[in-house]
Amino acid sequence: MSAPALVTRREIELSEPHPSLAIYSTLSKRKEPFRTVEPGKVGIYLCGPTVYDKAHIGHMVGPVIFDCIKRYLKYCGYQVTWVVNITDVDDKLIHKAGERGISMLQVAEENIADYMGNLAALGVDQVDHFPRATECMGDIVAIIESLIDRGYAYASEGDVYFDVTKDPQYGKLSNRTLDAIQGDGGGTAERKRSAADFALWKSAKPGEPSWDSPWGKGRPGWHIECSAMSKKLLGETFDIHGGGLDLVFPHHENEIAQSECCHGKPFAIYWAHNGLLRRDASAGKIGGRAERERSPSPPHKAGDGIASAHKAGDGIAGPDGIAGPDEQVSGKMSRSKGAGGLAALIAHQGGQRIRFFLLRTHYRSTVLFSEEAIEEAAVGLETFYRLFKRYHRITRGDFYHLSAPAHRSEDTAAAASGHAALAAAAVCKQKFLAAMDDDFNTGAAIGELFELAKIANRFCDEHNLEGGGADNATMGDLTMLMATIKELSNILGLFLKPPALPGGHVANEALLGKVMQLVIDLRAEARKAKNFATADAIRDGLASAGVKLEDRAGGTEWSGGDAATLERVVQLLINLRQTARQNKDYAASDAIRHRLGEIGVKLEDRGGETEWVR
């Protein structure tokens, strides 16, 4: 077949730009005003996992970031479709299946279930489609046939390769030249025209999973899967393609080449690459250098056209001082470097802590990981949890059920109210939105949430709301402040529900057992002392917590309860202690505090109310 004509990428007409939102694109090396292929709609494709093993925390960086990006785009009024692919056929899957003596499908299903469970624990619930490579073989074969027909690919001994020399724009994403690119070589080198050519279809080896194709039985190359799945669900051109910086080359470079040569139009309008996770032995203060390797400079104006002078992938920091792809990839966490155990980490730390930890830095920054850094993130979260409890003490309202706007508006009711605290909150909200408009800067946005918490706490103090100074108007203003926090935290996927207790299911079960034994002992002591009011209060309190007691000859046994039982039973003990103090039975009050302390529960008295911590 004769050589193809010069590749023509037809420019496509985009929507009018958003008035304030800008996104950095790896392709242009600058921030660009946000415009979409179809007005009012956004298509997002994020490269997902190759499911040959359990997920590690690095696999969560992209999903958590793009979960926030989708939430924010929806808040801005866009209709968003988000796709995360699953690579369920690959050399690593085949090897793992052989190693374990089970089918490739079994390996994939086990690890998909693990991945989905981890996403759910971190609050990633905005994904619309999880296509699997094995479900898209017809789509994959059709693209390969088109590339062969157009002269950009060739069959060779049952394999099919993309001829990179036929695409004059090859290397534009990573700024690599063909002369600088080394192919994978190995056992396939003699089948290729050029060492840099990459596989679209691989002929099957004996015993390997395979599918029928015009070139014989085989399976797809890695890169072609994403071109097929994105086209199937988002079309030939879509708005945002995401993934880790380690995917810029060769994966995303090859996606662009094969898709644009096949369709003759741009593949994705914006390329958004998240920074990688690196293990760090030391943890500094929140926001310190031990947590983020390089932090973005103050926000630029949307669409200011600031561009990097370096080549992508050369290891030099980009325009915001963010490490380049090679610099980040060299230290990334991966399975080959011992990363793993995400499910255990979630059980120990809780998904909310991990999500908060990942969002505190700009998504293009390198994130330095340690459990100590997550513990420090938990300290920040406690600022909000204490505020939510304070709000409940004052108003008896539940922060988690507050009604808050779901869409962006120019509502200035708070600023126009005349109250200084509400006016200050309105300023914080605008700064939060400005941060999110500036390339989805969640780190700066979270800073404004902390400022809002300060404003709300100061409001409570100035009006003595826990000392009898609360009236309906003042409590209404406090609720407006809390609703602003709710509105903005919803965008980040934070504080959607009360936090799970740290320590994981096993640890919580163990603590619950100790707390329940203490409650049973206190009930027995009350009955022996003929203090039937206390004994009945314990029984009724346990019943409302879903716990049933059964008195037997050998002692009292308990059953029932759910994930919230530990919190309810500790609260029952706190209520018993408060009753004892009101009755001036300080010995009983002190005994409850002391016995809780012996089993690892510390009580803290705050403003007439009591909170507990491990």
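Ion pair K172/E260 flagged as a salt bridge, since at least one NZ, NE, NH1 or NH2 atom sits closer than 4.0 Å to an Asp/Glu carboxylate oxygen. With respect to E253 and R176, no salt bridge is recorded, no charged nitrogen being found less than 4.0 Å from a carboxylate O. For K96 and E110, the salt-bridge test fails: no basic side-chain N is under 4.0 Å from an acidic carboxylate O. Using a 4.0 Å cut-off between charged side-chain N and carboxylate O, D438 and K31 make a salt bridge.
Defined by atom type and a distance below 3.5 Å, a donor-acceptor pair is present between the side-chain atoms of T134 and D88. For the residue pair Y52 / D91, no side-chain donor-acceptor distance below 3.5 Å is found, with atom types taken as modelled.
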From CA spacing to verdict: side chain to side chain contact (heavy atoms under 4.5 Å, CB included), S20, R408: CA-CA 12 Å; S20 54; R408 187 171 189 166; 3.6 Å; yes
H252/C47 under side chain to side chain contact (heavy atoms under 4.5 Å, CB included): CA gap, chis, key distance, verdict: CA-CA 9 Å; H252 290 165; C47 286; 3.3 Å; yes
Test log, rule side chain to side chain contact (heavy atoms under 4.5 Å, CB included), inputs W201 and W211: CA-CA 10 Å; W201 188 262; W211 287 260; 4.2 Å; yes
Stepwise side chain to side chain contact (heavy atoms under 4.5 Å, CB included) check, V83 with M229: CA-CA 9 Å; V83 178; M229 288 186 271; 5.7 Å; no
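For the atom pair CD of E135 and CD1 of I140, the computed distance is 11.0 Å after rounding to the nearest 0.5 Å. The distance from atom CG of L342 to atom CD of Q349, rounded to the nearest 0.5 Å, is 11.5 Å. Taking CD1 from I57 and CD from E371, the interatomic distance works out to 9.0 Å, rounded to the nearest 0.5 Å. Interatomic distance, K92 NZ to W222 CH2, rounded to the nearest 0.5 Å: 8.0 Å. A distance of 7.5 Å separates CG of L433 from CD of E487, quoted to the nearest 0.5 Å. Taking CD1 of I44 as the reference point, atom CD1 of I69 lies at 6.5 Å (rounded to 0.5 Å).
Between the side chain of S156 and the backbone N or O of R191, at least one donor-acceptor pair lies under 3.5 Å. With hydrogens and angles ignored, the 3.5 Å screen pairs a side-chain donor or acceptor of D239 with a backbone N or O of G43. Within the 3.5 Å criterion, the main-chain N or O of Y24 finds a donor-acceptor partner in the side chain of D439. Side-chain atoms of K70 come within 3.5 Å of backbone N or O of Q126 as a donor-acceptor pair. At least one donor-acceptor pair under 3.5 Å links the side chain of S230 to the backbone N or O of S227. For the pair H129 (side chain) and P131 (backbone), a donor-acceptor distance under 3.5 Å is absent. For the pair H56 (side chain) and G58 (backbone), a donor-acceptor distance under 3.5 Å is present. Judged by distance alone, the side chain of N274 and the main-chain N or O of G242 form no donor-acceptor pair under 3.5 Å. In this structure a side-chain-to-backbone donor-acceptor pair under 3.5 Å is missing from T36 to S15.
Using a 4.5 Å heavy-atom threshold, the side chains of F432 and L449 count as touching. In this structure the side chain of V124 reaches within 4.5 angstrom of the side chain of R355, judged on heavy atoms. Looking at heavy atoms from C-beta onward, T366 lies in side-chain contact with L368 at the 4.5 angstrom threshold. Contact of the V61 side chain with the L276 side chain is not registered, since no non-hydrogen atoms from C-beta on lie closer than 4.5 Å. When side chains are defined from C-beta on, D125 counts as touching R71, because their heavy atoms get closer than 4.5 Å. Counting heavy atoms from C-beta outward, F130 and L119 have side chains that approach closer than 4.5 Å. Contact of the I491 side chain with the C68 side chain is not registered, since no non-hydrogen atoms from C-beta on lie closer than 4.5 Å. A 4.5 Å side-chain heavy-atom check between D212 and K217 finds at least one atom pair inside the cut-off.
Across Y161 and K192, no two heavy atoms sit closer than the pair CE2-CE, 3.8 Å. In this structure, G493 and Q352 approach most closely via the heavy-atom pair O-NE2, 4.2 Å. Summarising the geometry of T361 relative to L358, their closest heavy-atom pair is OG1-O, 3.8 Å, with the distance given to 0.1 Å. Counting all heavy atoms, side chain and backbone alike, V107 lies closest to A97 at CG2-CA, 3.8 Å. The two atoms that bring R150 and C261 nearest to each other are NE-O, 2.8 Å, heavy atoms only. Residues W82 and D67 come closest through the heavy atom pair CH2-N, 3.4 Å.
Aromatic ring centroids of H59 and Y115 lie 6.0 Å or more apart. Under the 6.0 Å cut-off for aromatic ring centres, F162 and Y154 do not qualify, their centroids lying 6.0 Å or more apart.
Aromatic ring pairs are classed by plane angle as parallel below 30°, tilted from 30° to 60° and perpendicular above 60°; the pair Y78 and F34 is perpendicular. Between F198 and Y170, the ring planes lie parallel to each other; the angle is under 30°, not in the 30° to 60° tilted range. Ring-plane geometry between F440 and Y72 is classed as perpendicular, the angle between the planes exceeding 60 degrees on a 0 to 90 degree scale with a lower cut at 30. In this structure, H251 and H223 have tilted ring planes: the angle between them lies in the 30° to 60° band. Under the 30°/60° scheme for interplanar angles, the aromatic rings of W271 and H273 are found to lie parallel.
Enclosure of atom CD in E16 is not indicated, since only 12 or fewer non-hydrogen atoms of other residues, nucleotides or ligands lie within 6.0 angstrom.
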